[in-house]
J.: 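Below is the structure I would like to discuss, written out as structure tokens.
Order of appearance sets the numbers: ligands from 1, and atoms from 1 within every ligand. Just so it is clear, the structure is predicted and the values come from calculations on it, not from any experiment. The figures here come from the full heavy-atom set of this structure, side chains too, leaving out hydrogens, waters and symmetry mates.
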Amino acid sequence: MSASDVRISTCATDLRRFYSIYPSSTYPSAGNPRVWRAPGRVNLIGEHTDYNLGLVLPMAIDLACFVTAAPSNDGWLRVHSVQLEQSALWRVDEIRSAVPGGGWSDRVVGVAWELMWRGLPVAGQNLMIDSEVPIGGGLSSSAALGVALALALGGPAGPTDLARVAHAAETDFVRVPCGIMDQFTAAHGQSGAALLLDCRTLEWRPVKLPEDVAIVVANSMVRHELAESAYRTRVEECAEAAKALGVPSLRDAGAGDLGRLQGTLRKRARHVVTENARVEAFVAAAACGSLEKMGRLVTESHLSLRNDYQVSCPELDFLVDTALTIPGVLGARMVGGGFGGSTVNLVRRDAVEAFSNTIQSAYRRSFGRVPQIHRCTASPGASEVLLSEVSPPVSGT
Ligand code: GAF
């Protein structure tokens, strides 16, 4: 892929900001800064199935995280986040024994830690993170950061290995028990296609969507406290349900098994079993251009997430319910872990503007916030941004 395939954000091309954080008089460097990019994702269908080793259909989007990196020469790994306006630093020779502190910078040192434990060399660097992926928006800002960092710190070039490194940093260092969908999408994203991924085998293929449908996300601009603890609880409940059924994971359960479970575990398993089936049905519907069917499946996914998996919230339900009243909206559902973040909407191309206007004013009237609306373009996975192709070199100050 060449840099010209990627929509380059100004954050990637403006090295003046990097030099204002790391003036070359204070931070002399042995090399010029390089910039690495990894995209966020929207998941079309297949929610909470990845850690159950099931099927997902995510799409890398045209909002990305950019990491600018220059060798530090002094044995320190430094990072500055433009969005958070915060910095952190570690001595490289102490990273192997680092422990998570609970803050945003765990995601940075966690990737270095993971690379080192895999025996890959990590040198001192000065890093600047600048991201377009909204934090807490359900579009996987963390995975975009992890994958861009894994590249910047000299991680493996192959996309699957890159995804594995970023995923392991998240599960083993940050200790979030997530599946691999988000990192895999950030690494493997395809221009013009979603990815049908089998989270057990990591086999995947691109899935093109019919021309007449637009993928539009609406960010609720909320993220409830419960999100992280509820995610852990769902992971545990699914493991418990699989154990009760005597299968390695809920991927191996079928509709006929559900009667052997009761109460909450039955509901959780029913979501996973029916969601895997919906992914397959959606892909079949997309192949024959059946827009109504695709939309119906997406909306059914939301109902299952709301009623059986119980990870929605009033704001997401409102966005979905309102979307479904707007002409030209084929289907809508919450996306990502839940309890806030975004909805994904399948909208006929000619209805996108009306959708945006209607949903923004309705949500503002009810919740006093304006949801961010973004029409997504399926985008390529992580890569280096070749500065020579997009901007003249900027000298240090
Ligand atoms: C979050 C997790 F990081 C993913 O692995 C996935 O489980 C998703 O929630 C729910 O489908 O984004």
J.: Numbering the atoms of ligand 1 from 1, which are under 4.0 Å from a heavy atom of Y51?
T.: 7 (O)

J.: Side chain or backbone, does T49 bring an N or O within less than 3.5 Å of an N or O on ligand 1?
T.: no

J.: Is it possible for you to check whether R91 lies under 6.0 Å from the centre of the six-membered ring of W76, through NZ or CZ, and within 45° of that ring's axis?
T.: yes

J.: What's the separation between atom OG in S140 and atom CG in D182, rounded to the nearest 0.5 Å?
T.: 3.0 Å

J.: In terms of side-chain geometry, is the basic nitrogen of E275 or R278 positioned less than 4.0 Å from the acidic oxygen of its partner?
T.: yes

J.: Suppose I only count heavy atoms of R41 and a 4.0 Å limit; which atoms of ligand 1 are within that range?
T.: 12 (O)

J.: Give the contacting part of M334 toward ligand 1: side chain, backbone, both or neither, where contact means a heavy-atom distance below 4.0 Å.
T.: neither

J.: Could you tell me whether E300 and R333 make a salt bridge, using a distance below 4.0 angstrom between a side-chain N and a carboxylate O?
T.: no

J.: What is the closest protein heavy atom to atom 1 (C) of ligand 1, and at what distance does it sit?
T.: D182 OD2, 3.7 Å

J.: Return the closest protein heavy atom for atom 7 (O) of ligand 1 as residue, atom name and distance.
T.: Y231 OH, 2.6 Å

J.: Can the ring centroids of Y231 and H48 be said to lie less than 6.0 angstrom from one another?
T.: yes

J.: Taking the basic N atoms (NZ, or NE/NH1/NH2) and the acidic carboxylate oxygens, is any pair closer than 4.0 Å for R251 and D198?
T.: yes

J.: Taking only heavy atoms of G336, which atoms of ligand 1 are found under 4.0 Å from at least one of them?
T.: 9 (O), 10 (C)

J.: At a 4.0 Å threshold, what atoms of ligand 1 neighbour a non-hydrogen atom of D50?
T.: 4 (C), 5 (O), 6 (C), 7 (O)

J.: State the atoms of ligand 1, each with its element, that fall below the 4.0 Å cut-off from a heavy-atom position in M181.
T.: 6 (C), 8 (C), 11 (O)

J.: Test D308 against every option in R270, R268, R266, K267 by the side chain to side chain donor-acceptor pair (under 3.5 Å) rule and name the one that passes.
T.: R270

J.: If you measure from the Lys or Arg side-chain nitrogens to the Asp or Glu carboxylate oxygens, is any gap between R118 and E114 under 4.0 Å?
T.: yes

J.: Only heavy atoms of E47, strictly under 4.0 Å: list the atoms of ligand 1 that pass.
T.: 8 (C), 10 (C), 11 (O)

J.: Can you sort out which atoms of ligand 1 are near G179, meaning under 4.0 Å from one of its heavy atoms?
T.: 5 (O)

